[in-house]
Amino acid sequence: MNNDKYWNLLKSGDFMSLTHLRTHYASEIDPKELGDEKVSIAGWVHEVRDLGGICFVVVRDRTGKAQVTLVKKRTDPELLEQARKLVRESVVSVEGTVKSEGKAPNGYELIPDGITLLNEAESPLPMDTTGKVEAELDTRLDSRFIDLRREKTTAIFKIRHEVLRAVRNFLTDDGFIEVSSPKVVATATEGGTSLFPITYFDREAFLNQSPQLFKQILMSGGLDRVFEIGPIFRAEEHDTRRHLNEATSIDIEASFCDHFDVMEVLERMVAWIYGQVIENASDSLSVLGVELKVPSVPFKRVTYDEAIGIVNDNTDEMLNWGDDFGTSAEHAIGEYVFRETGESHYFIIDWPTEIKPFYAMPYEDNPVLSKAFDMMHRTMELSSGAQRIHIPELLVSRIESQGLDPEGFDFYLRAFRYGMPPHAGWGIGCERLVMSMLGVENIRDVVLFPRDRRRLSP
RNA sequence: GUCCGAAUAGUGUAGAGGCCUAUCAUGGAGCCCUGUCGAGGCUCCGACCCGGGUUCGAAUCCCGGUUCGGGCGCCA
């Protein structure tokens, strides 16, 4: 058995198109409609079960599995021998007749006329694909191409797709325009997290940690409501189950809005996403054993002051006003809200100005507090946002008081001097949204090729 | 960055100084088998992370390294 079959296939005159290799996906075949019809399926050899007088070959594609049945007495001996010798996870196309069969999975089996071996897999495989033997995350990520052949892994990425599709539909319907901002930038966004330096011809540049400054500039440009789904890069050496050095951020910015307006967009969007995933990815949800409930809106608003009180009343920690919440404090607040409301999602609002980024708008009547918010899931922070400062003088003084140099922000500040409307926005971590939705414990599970402190390949 | 833990066939594991010629499952090779669907039965194949040390004897104890996992910090 070798891969010459593929070359023979091409030589036979079929080289103009390969579409005949698959007329149907495995799960598209309905024996009531296609009974006794000729079809071809294409995919990976999931298993070969040879019982002697009868041999079953299970072929798997993106949609599911199909059983190819070869009965010894009624099958060409050469074809039977070929089927028996198939190496698991090889790529094949099987042409045959659909036969309704109650004993077979999906209610049908395929009686083959021919099996075309398109590419033979090496053996042994880097890991099991059938679910019989678990593999560690690290092993799975090293062999992501095989890992993706597992139903559970595919299910996560089908759901992630539905999440992003729902985001695009929701925001588009809400009047937002999708934009793309540069990922190679000259200066730091917020000063806080560290950036990956790169060489840009003969200059130093960085990978952007957030589209923040650019989406604000677009408000000055009059695009009014924009969103971006794109990568963000953080050079932090954090090493946890919920951090990556390259993540996907879903960001919006909207003019003539305050923080409460965009919070309302955010909670409606999250509820919509849950609803769309339930509607469009129920198969994947059941593969993962997840039962989703659409979160109720509005999400509870907890003020920063209340949150401090919850932590101090319910844990051993004693926080002072102005402290940020650590992981255990976040969990305490999340559990408290869940007990009170039965909901996992909530907002923390009215943060001290000094622990929020420079662009967060302080309350006009109490500048110690800012119009900033975090949107939390019981398990972790999902999103943060704010009404932004649109007044250039105030922005400059806030940049300075955070210990940053306004000169580095010139490209940004210029946009505020020629007519910047009041505006607000937020960013939500796509991976965190998906993992909190599915109860996935490691963020690497919801990224195809995660980039963390240690992993740079594949 | 810091603290804690782990590393045994391709994969997942058992193992507590001599019982290890290293367990089991999965997998691979071969044989038997006509309805499997984690098929079954029989035979065979395949591993102690690296380097030092302790000991008569080390997969097992100690030291160093490497890699991985988890907590925290920081954040999305």
So, is [X] near the phosphate of [N], with a side-chain N or O under 4.0 Å from OP1 or OP2?
| X | N | answer |
| --- | --- | --- |
| A/Arg49 | B/rG38 | no |
| A/Ser328 | B/rC72 | no |
| A/Arg234 | B/rC74 | no |
| A/Arg242 | B/rC72 | yes |
| A/Thr139 | B/rG12 | yes |
| A/Ser383 | B/rA76 | no |
| A/Asn442 | B/rG70 | yes |
| A/Arg241 | B/rG69 | no |

A/Arg378 to A/Phe338, cation-pi by 6.0 Å centre distance and 45° axis angle: yes

A/Arg22 to A/Tyr25 six-membered ring, cation-pi geometry met (6.0 Å, 45°): yes

When only distance counts, do a donor and an acceptor, one from the side chain of [X] and one from the base of [N], lie under 3.5 Å apart?
| X | N | result |
| --- | --- | --- |
| A/Arg432 | B/rC75 | yes |
| A/Lys132 | B/rU11 | no |
| A/Glu122 | B/rG28 | no |
| A/Gln67 | B/rU36 | yes |

Between [M] and [N], how far apart are the [atom1] atoms? Round to whole Å, please.
| N | M | atom1 | answer |
| --- | --- | --- | --- |
| B/rC50 | B/rU11 | P | 15 Å |
| B/rA58 | B/rG52 | C1' | 14 Å |
| B/rA9 | B/rA22 | P | 14 Å |
| B/rU54 | B/rU60 | P | 15 Å |

Please check if the distance between the ring centroids of [X] and [Y] is under 6.0 Å.
| X | Y | answer |
| --- | --- | --- |
| A/Tyr363 | A/His259 | yes |
| A/Phe214 | A/Phe411 | yes |
| A/Phe373 | A/Trp426 | no |

Residue whose nearest RNA chain B nucleotide is more 5′ - A/Gly53 or A/His243: A/Gly53

Closest-nucleotide 5' rank along RNA chain B - winner of A/Thr248 and A/Arg444: A/Arg444

Any N/O pairs under 3.5 Å between the protein and nucleotides 45-48 of chain B? List them or say none.
none

Under 3.5 Å for both donor-acceptor distances, Watson-Crick or wobble: does [N] have a partner, and if so which one?
| N | answer |
| --- | --- |
| B/rG27 | B/rC45 |
| B/rG1 | B/rC72 |
| B/rU55 | none |
| B/rU67 | B/rA6 |

Which of these nucleotides, [options], is closest to any side-chain atom of [X]?
| X | options | answer |
| --- | --- | --- |
| A/Glu236 | B/rG69, B/rC74, B/rG35 | B/rC74 |
| A/Val133 | B/rC75, B/rU26, B/rC72 | B/rU26 |
| A/Arg453 | B/rG35, B/rG1, B/rG30 | B/rG1 |

Within the 4.0 Å heavy-atom criterion, would you say [X] contacts the bases, only the backbone, or no part of the nucleic acid?
| X | answer |
| --- | --- |
| A/Leu244 | base |
| A/Pro105 | base |
| A/Arg88 | sugar-phosphate |
| A/Ser123 | sugar-phosphate |
| A/Asp374 | nothing |
| A/Leu382 | sugar-phosphate |
| A/Arg74 | nothing |
| A/Glu246 | nothing |
| A/Glu330 | base |
| A/Gly326 | sugar-phosphate |
| A/Ala247 | base |
| A/Thr130 | nothing |
| A/Lys72 | nothing |
| A/Glu47 | sugar-phosphate |

Could you state the [atom1]-[atom2] distance from [X] to [N], rounded to the nearest angstrom?
| X | N | atom1 | atom2 | result |
| --- | --- | --- | --- | --- |
| A/Lys103 | B/rU36 | NZ | C1' | 10 Å |
| A/His46 | B/rU36 | NE2 | C1' | 13 Å |
| A/Asp138 | B/rU67 | CG | C1' | 8 Å |
| A/Asp452 | B/rA76 | CG | P | 19 Å |
| A/Arg150 | B/rU26 | CZ | P | 18 Å |
| A/Phe56 | B/rU34 | CZ | C1' | 8 Å |
| A/Asp128 | B/rA9 | CG | C1' | 15 Å |
| A/Asn245 | B/rA76 | CG | C1' | 12 Å |

Pair A/Glu120, A/Ser90: side-chain N/O donor-acceptor within cut-off below 3.5 Å: no

Intermediate values then yes/no, side chain to side chain donor-acceptor pair (under 3.5 Å), A/Asp324 and A/Trp351: CA-CA 9 Å; A/Asp324 208 342; A/Trp351 289 75; over 6 Å; no

Main-chain N/O of A/Lys103 paired with A/Glu101 side-chain donor or acceptor, under 3.5 Å: yes

Side-chain donor or acceptor of A/Thr153 paired with backbone N/O of A/Arg149 under 3.5 Å: no

Trace of the side chain to side chain donor-acceptor pair (under 3.5 Å) decision for A/Thr129 with A/Glu89: CA-CA 9 Å; A/Thr129 54; A/Glu89 297 303 321; 2.9 Å; yes

A/Glu431 vs A/Thr248, side chain to side chain donor-acceptor pair (under 3.5 Å): CA-CA, chis, key distance, verdict: CA-CA 7 Å; A/Glu431 287 79 18; A/Thr248 309; 2.7 Å; yes

A/Asp258 CG to A/Arg388 CZ distance, which is reported to the nearest 0.5 Å: 12.0 Å

